[in-house]
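Here's the structure we're looking at; comments come further down.
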There are 2 protein chains.
Amino acid sequence: MKIDPNSPADLSAQIASAIRDGIVAGLLIVDERLPSEAELAEQFQVSRPTVREALKRLAAQSLIRTQRGATGGAFVNRLSFEDAYSQQVTTSTLLLSMNAVSFDTACEARYALERACAPLSAARRSADQLATMRAEIFRQGQPGLTDEAFCASDVAFHRALVDGAHNPVLSYQLAGAVEAMQPLMNMITFTARDRQSILALHSQIADAIESCDGAAAVAGLSALEEETRKLAADVFARRAAKR
Amino acid sequence: MKIDPNSPADLSAQIASAIRDGIVAGLLIVDERLPSEAELAEQFQVSRPTVREALKRLAAQSLIRTQRGATGGAFVNRLSFEDAYSQQVTTSTLLLSMNAVSFDTACEARYALERACAPLSAARRSADQLATMRAEIFRQGQPGLTDEAFCASDVAFHRALVDGAHNPVLSYQLAGAVEAMQPLMNMITFTARDRQSILALHSQIADAIESCDGAAAVAGLSALEEETRKLAADVFARRAAKR
DNA sequence: GACTTTTAAATGTCTGACAAATGATTTTTC
DNA sequence: GAAAAATCATTTGTCAGACATTTAAAAGTC
């Protein structure tokens with residue numbers, strides 16, 4: 001692992017890159033301890049602060065973890081699904097908010113992906129996920145629920161649906177698509193009637209999942225997508241008219 | 001934005017968190033310049049190296065970019081789809097390799113997601129994507145192609161299929177699922193006959209996309225999934241038998 | 001007015017130091 | 001001899017101050 005001191009790139013970026021490559025390529029295996037900061041500084045011929053900046057970059061991506069003390073140091077981290085989830089959610093959320101992605105585009109992506117999960121979820125969902133879905137449906141029917149809480153419950157409902165597929169890779173990929181929509185959904189104000197129709201569709205989907213009917217679940221999701229888009233279109237049209 | 005000096009967490013992690021929250025919450029907008037490192041150090045009551053470590057953490061996530069010189073500094077970065085892609089690919093790849101995800105699980109997720117794209121792609125694909133798909137099919141038929149090159153071409157084919165949906169959010173989400181499979185696929189050795197059958201299915205899918213037949217494309221992908229899983233199962237069975 | 005030089009501000013890097021945590025080692029105590 | 005306590009060494013976390021480098025704007029020059 002070498003770096004080029006004459007490159008225009010930051011030394012810390014180059015060092016981080018070199019170590020990252022080592023991890024991705026499998027040269028550094030999980031839980032392996034990296035050399036100490038002093039040794040890395042020696043090895044790369046840079047100062048310790050520079051090495052530290054590189055290590056912080058890797059820590060930000062959950063690629064390493066550090067531990068203080070006698071047997072401490074930086075260790076290659078086993079990237080957990082949980083860590084990956086939260087990174088995905090942050091990245092997806094910012095991606096949508098910073099790139100003027102239209103509501104329709106995000107919505108289409110989200111429901112297309114969710115429909116991909118539905119048949120698997122119908123086949124495999126456990127009682128746990130079904131209970132969560134029913135609980136969230138109940139919550140959504142409570143009067144006096146704020147729009148934010150309604151949206152949060154909506155996300156929880158859909159996550160349960162996705163988790164029902166019992167495929168962690170799928171759950172991970174979907175986490176971003178579902179959660180990143182939340183800020184967009186929060187822009188919508190739901191009337192009591194809107195909530196009623198969403199609730200009905202949620203129930204329909206939950207019923208389909210319960211009776212292991214994948215096709216019905218897919219149909220329910222499609223109906224929900226249409227409803228959501230119609231709702232959003234109304235809100236945006238009303239806002240445009242006000243001006 | 002405040003930090004707690006008595007928290008067990010690193011100061012640089014806390015500072016990074018505080019700034020990240022500011023960005024996600026929209027308090028800091030795209031291209032806005034953060035205070036200089038010296039000012040941040042003053043503001044958070046820490047030293048400049050600590051501030052720098054925090055900034056490097058954010059830079060690792062492409063949340064900020066830094067510029068040297070008189071009007072330089074750290075600026076909130078517009079997270080591009082490109083940046084997000086590569087992060088997703090790295091994360092997904094490591095996630096699969098570090099968590100002993102079975103071939104079947106990853107494969108199932110990948111094809112489920114791809115099938116979600118197929119109808120959209122059939123409806124919207126441009127000549128560009130079709131040409132790429134045909135070109136990759138041609139490449140895959142060339143004799144003397146290494147297994148690695150065959151897999152890389154396979155990825156390119158599927159990316160074109162996904163991009164055909166013309167939904168950047170979908171493309172972004174799928175990038176991880178498709179590319180992260182590559183290392184797993186590379187473990188398989190493809191006989192000439194294997195390649196032939198995959199090629200035939202690719203052609204079938206391309207035909208379906210060309211004739212805007214989403215259902216046929218979905219069917220083709222399902223057949224391809226089955227073929228891929230059978231191939232992998234054979235390889236693994238043969239390896240197990242050898243021991 | 002166009003070009004060159006200077007300057008100031010900012011990040012990038014280095015040196016050296018101390019604080020704090022933590023496991024290992026040694027010493028003490030019973 | 002065993003357990004508890006004290007000490008030690010190693011490593012990361014943090015700080016202070018300094019210099020190098022880059023860059024754009026300001027000042028100077030023709």
Side-chain angles (χ1 to χ4, degrees), chain A residues 1-20 22-23 28 30-77, chain B residues 1-20 23 28 31-77:
Chain A
M1 285 198 268
K2 288 276 168 59
I3 58 170
D4 170 19
N6 297 323
S7 154
D10 290 4
L11 290 177
S12 68
Q14 289 183 60
I15 294 171
S17 221
I19 297 176
R20 180 165 37 238
I23 295 175
L28 299 164
V30 168
D31 292 335
E32 185 173 337
R33 183 180 173 282
L34 298 182
S36 73
E37 295 176 354
E39 286 169 322
L40 286 172
E42 172 87 9
Q43 186 177 321
F44 287 112
Q45 287 288 298
V46 299
S47 68
R48 195 159 82 94
T50 302
V51 167
R52 281 183 60 80
E53 287 178 10
L55 293 180
K56 295 312 164 200
R57 295 177 113 111
L58 298 174
Q61 297 177 294
S62 306
L63 295 187
I64 62 168
R65 61 177 187 280
T66 54
Q67 205 176 353
R68 293 172 74 164
T71 57
F75 298 83
V76 178
N77 197 31
Chain B
M1 284 197 270
K2 288 274 168 63
I3 58 172
D4 170 18
N6 297 323
S7 154
D10 291 3
L11 290 177
S12 69
Q14 290 183 58
I15 294 171
S17 226
I19 297 177
R20 180 165 36 241
I23 295 175
L28 298 165
D31 292 334
E32 183 173 338
R33 183 180 172 283
L34 298 182
S36 73
E37 295 176 353
E39 287 168 322
L40 286 172
E42 172 88 11
Q43 187 177 321
F44 287 112
Q45 287 288 297
V46 298
S47 68
R48 192 158 85 92
T50 302
V51 167
R52 281 182 60 79
E53 287 179 10
L55 294 180
K56 295 310 166 201
R57 293 178 115 109
L58 298 174
Q61 298 178 295
S62 306
L63 295 187
I64 62 168
R65 60 176 188 279
T66 54
Q67 206 175 354
R68 294 173 72 164
T71 58
F75 298 82
V76 177
N77 197 32

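Note that the structure is a prediction, hence the values are computed from the model and not measured. A note on names: the letters A, B, ... follow the listed sequences, proteins ahead of strands, and every chain is numbered from 1.
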Over all heavy atoms of both residues, which pair between [X] and [Y] is shortest? Give the atoms and the distance, please.
{"X": "B:Gly73", "Y": "B:Arg33", "result": "CA-NE, 4.2 Å"}
{"X": "A:Ile64", "Y": "A:Ala74", "result": "CD1-CB, 4.2 Å"}
{"X": "A:Ser12", "Y": "A:Ala54", "result": "O-CB, 3.3 Å"}
{"X": "A:Glu37", "Y": "A:Leu55", "result": "CG-CD1, 3.8 Å"}
{"X": "A:Phe75", "Y": "A:Asp31", "result": "CD2-O, 3.6 Å"}

Between [N] ([atom2]) and [X] ([atom1]): distance, integer Å:
{"X": "B:Leu58", "N": "C:dT11", "atom1": "CG", "atom2": "P", "answer": "14 Å"}
{"X": "A:Arg52", "N": "D:dC15", "atom1": "CZ", "atom2": "P", "answer": "11 Å"}
{"X": "B:Ile64", "N": "C:dG12", "atom1": "CD1", "atom2": "C1'", "answer": "14 Å"}
{"X": "A:Lys56", "N": "D:dT14", "atom1": "NZ", "atom2": "C1'", "answer": "11 Å"}
{"X": "A:Phe75", "N": "D:dT12", "atom1": "CZ", "atom2": "C1'", "answer": "11 Å"}
{"X": "A:Leu55", "N": "D:dG13", "atom1": "CG", "atom2": "P", "answer": "9 Å"}

Residues from residues 31-44 of chain A lying under 4.0 Å of DNA chain D - heavy atoms: A:Arg33, A:Ser36, A:Glu37
Using C1' atoms of five pairs at each end, report the bend of the helix from C:dG1-D:dC30 to C:dC30-D:dG1 rounded to 10 degrees. 20°
Side-chain donor-acceptor contact under 3.5 Å, B:Gln61 with B:Arg20: yes
What is the distance from atom OG1 of A:Thr50 to atom CD of A:Gln14, rounded to the nearest 0.5 Å? 11.0 Å
To the closest 0.5 Å, what do you measure between CG (B:Leu58) and OG1 (B:Thr66)? 11.0 Å
Taking OP1 and OP2 of D:dG13, is either one under 4.0 Å from a side-chain nitrogen or oxygen of A:Thr66? yes
Does A:Thr50 place a side-chain N or O at less than 4.0 Å from the phosphate oxygens OP1/OP2 of C:dC14? yes
Does the protein touch nucleotides 16-28 of chain D at the base, only the backbone, or not at all? Give it as B, S and - per nucleotide, heavy atoms under 4.0 Å. S-B--BBBB----
